[in-house]
Amino acid sequence: MRVLIADDEPLARERLAAMLAEMPGTEIVGEAADGREAITLAAERGADLVLLDIAMPELDGLEAARHLSHFDPAPAVIFCTAYDAHALAAFEASAVDYLLKPVRRERLVAALERAQRYTGERARSVSERLAEPVRRTHLCARLRGGLKLVPLGDVAYFLAEDKYVLVRHDGGEVLIEESLKALEHEFAEHFVRIHRNCLVAVDRISGLERHAGGRVFATVRGAPEPLEVSRRNLPGLRKLVKAL
Amino acid sequence: MLETRPARENPAPSSWLPDFCNPGTALSVAALAEIVLLAVLFAPQPGWPGFSRLATTTLFVQWLALCALVALCLARGRLARLAVGMSVAGAFAIVLVILGAGTLVAVALDRTLGFGMTPGYGEASHVALQVMLVGALVTAGALRYFYVQAQWQREVRAQARAQVKALQARIRPHFLFNSMNTIASLVATRPADAERAVEDLSELFRAAISAGDELSDLGRELTLVEHYLAIEKLRLGERLAIDWQVGAGVPRELPIPALLLQPLVENAVLHGIQPIAAGGTLSLVAEARPDEVVIEIRNPRNPNPGVRQHGHNIGHESVRERLRYHFGDRATLAVESAPDAYRCVVTLPRG
């Protein structure tokens with residue numbers, strides 16, 4: 001089994017690595033110091049199992065797990081945590097397993113056995129259930145075999161295109177395989193629907209302008225050109241812009 | 001004789017009496033006397049009573065108030081050892097006797113010297129009785145006020161104590177288990193470091209478990225912070241850089257509340273250093289000034305806005321409350337939050 005260790009504490013990684021080294025049939029394919037590195041390494045090196053710390057910088061373990069669950073095949077995830085009553089409650093029902101630090105050797109062996117029995121298909125459905133309450137702070141796009149993580153705060157708008165959604169952000173644009181409706185639901189606090197095919201970051205809207213023919217466009221910071229507002233979404237948007 | 005007695009563990013039951021020797025209390029008693037005087041003067045005939053009448057009666061009333069204050073100040077030690085009812089009666093009796101005697105003396109002086117300040121007041125004993133009657137009502141009101149205020153203060157103090165206790169009991173479980181994990185990792189490969197970590201952790205827990213609301217001192221608190229940082233340094237490795245600048249002139253014996261600094265430093269590590277993948281420098285600068293000691297704790301802030309931010313100021317209110325409890329307005333905690341840095345400054349009075 002190809003195992004990736006993700007923990008921001010070097011000594012915690014060292015200890016897990018030392019324990020795993022004694023276990024036959026396991027191979028450590030990498031060590032990550034934060035959530036972002038964890039999903040990048042997992043994609044690059046094709047891990048079957050990720051031992052994931054929960055409290056990590058950049059991207060915490062719960063969010064990293066959610067991104068990992070979209071991989072194909074999705075690696076099994078075992079959470080490692082010092083103590084977190086809430087997080088425990090959140091994934092107790094659905095995680096492959098979770099380990100409490102300091103991790104005991106016998107517990108680690110048992111968790112590895114569970115992970116081994118775990119098929120990719122189940123991993124996906126389980127991770128999705130577990131990750132449900134986790135609101136992402138980043139979007140993860142696959143680019144030519146690599147991964148691109150876009151912080152949500154950098155996103156100007158989402159534009160639906162066929163079966164993809166184009167994400168326009170400060171560093172350019174990427175495509176993600178998600179539905180606009182799900183994005184709208186997840187990020188309702190920060191994004192607003194201005195058209196059937198478009199979600200815009202609320203705090204980037206700088207104004208509305210009426211063009212010839214009565215069509216209304218929103219000017220959005222970070223967008224190369226104004227974005228059309230549909231008749232249906234106009235009244236709500238007017239109110240929102242006024243309140244800003 | 002009294003001074004040689006050992007200090008009592010518990011305050012006397014009637015320690016609700018304020019310290020009458022205190023200038024603040026004296027001032028409020030003087031103000032109270034003046035208010036009563038004005039009420040009495042204006043009540044019978046509305047209108048301006050005339051400046052000279054106001055001046056002479058003020059002189060008279062303030063003289064009485066001063067006498068009562070001095071008497072209560074002298075008697076407070078004895079009164080404080082009595083049961084509540086007895087001390088009320090005692091204080092009441094003292095004030096009445098002083099008012100009566102003070103009035104007799106004032107009227108006698110006035111008439112002997114022929115100043116004519118008390119014309120038409122009738123017999124001196126009559127005047128004294130009137131003054132005692134008004135004085136009795138005012139004193140009853142004032143004593144009730146002091147009692148209620150003392151109760152309220154006691155409650156506030158108890159609350160602060162409770163909060164200290166709660167804070168001390170709240171050793172973050174994360175910290176304990178992460179430290180244990182660190183030690184478990186070190187035992188096999190670096191036993192000497194593991195040993196030191198166990199010692200540091202023990203010091204921290206000993207302080208957290210045993211500290212009551214009595215004062216610790218700055219030296220002890222700084223050492224505690226060093227123990228704490230030693231553990232975090234093992235845990236976070238290269239990511240935690242420490243800039244420790246405690247000047248040679250900083251008085252280590254300066255009394256400060258127990259576990260005052262460690263929570264601030266813990267906040268700085270938890271919310272400042274740990275969320276940044278590359279880590280950063282935590283700086284602690286302690287500086288002695290002529291009449292205060294300034295301790296500044298600074299940490300970088302996470303430049304990545306996408307990451308969930310946790311409340312930084314959970315501990316601040318509690319630190320402020322404890323400073324207020326021990327030092328009143330003379331100690332402060334200032335918090336400055338810039339986009340890239342976070343700064344806590346504790347200012348403590350010297351002596």
Side-chain angles (χ1 to χ4, degrees), chain A residues 6-19 21-22 32-38 53-64 80-88 99-105 108 134-139 149-155 169-170 187 190 203, chain B residues 170-198 200-201 230-241 266 268-280 299-310 339:
Chain A
D7 196 307
D8 62 329
E9 298 176 20
L11 286 170
R13 294 198 298 271
E14 203 176 285
R15 178 151 193 270
L16 280 176
M19 289 165 93
E22 294 170 7
D34 58 63
R36 180 190 286 266
E37 199 179 355
D53 178 29
I54 291 190
M56 283 192 293
E58 297 289 323
L59 217 62
D60 68 21
L62 293 174
E63 187 172 350
C80 302
T81 180
Y83 175 91
D84 199 328
H86 302 295
L88 281 187
L99 299 169
L100 291 172
K101 294 182 195 174
V103 175
R104 300 184 84 97
R105 203 166 256 100
L108 182 60
V134 181
R135 192 163 295 161
R136 290 173 291 174
T137 59
H138 288 70
L139 294 157
L149 273 176
V150 179
L152 205 62
D154 288 356
V155 176
H169 60 97
D170 293 337
F187 305 123
H190 303 296
D203 57 2
Chain B
R170 210 193 59 197
I171 287 193
R172 291 177 47 265
H174 261 114
F175 174 68
L176 171 63
F177 294 119
N178 277 326
S179 302
M180 288 302 183
N181 197 36
T182 302
I183 292 165
S185 179
L186 288 171
V187 166
T189 52
R190 289 151 61 186
D193 284 339
E195 198 175 337
R196 226 188 30 242
V198 168
D200 287 333
L201 195 61
I231 293 176
E232 294 293 46
K233 178 78 191 148
L234 280 175
R235 199 166 72 77
L236 296 171
E238 304 273 288
R239 289 168 62 208
L240 174 62
E266 186 169 342
V269 171
L270 227 57
H271 305 302
I273 309 292
Q274 203 169 293
I276 304 176
N299 63 265
R301 278 181 74 171
N302 191 0
N304 180 356
V307 167
R308 278 170 266 268
Q309 291 284 337
H310 303 280

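Each chain gets a letter, A, B and so on, in the order its sequence line appears, and its residues count up from 1.
Annotation: maximal heavy-atom pairing with chain B below 4.5 Å, among Ala55(A), Pro10(A), Pro102(A), occurs at Pro102(A).
Remark: Asp53(A) engages Lys101(A) in a salt bridge, criterion side-chain N to carboxylate O under 4.0 Å.
With a 4.5 angstrom heavy-atom cutoff, Ala33(A) does not touch chain B via any of its atoms. The part of Asp34(A) that comes within reach of chain B is its side chain, from C-beta onward, which places non-hydrogen atoms under 4.5 angstrom from that chain. Proximity to chain A (any heavy atom under 4.5 Å) is restricted, for Leu186(B), to the side chain, taken from C-beta onward.
In this structure, Ile183(B) and Leu201(B) have side chains that are in contact, with non-hydrogen atoms separated by less than 4.5 Å. Proximity of Arg136(A) to Leu152(A): side-chain heavy atoms (C-beta onward) are nowhere separated by under 4.5 Å.
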Worked verdict on Arg36(A) versus His138(A) for side-chain contact (heavy atoms from CB on, under 4.5 Å)
CA-CA 10 Å; Arg36(A) 180 190 286 266; His138(A) 288 70; 3.6 Å; yes

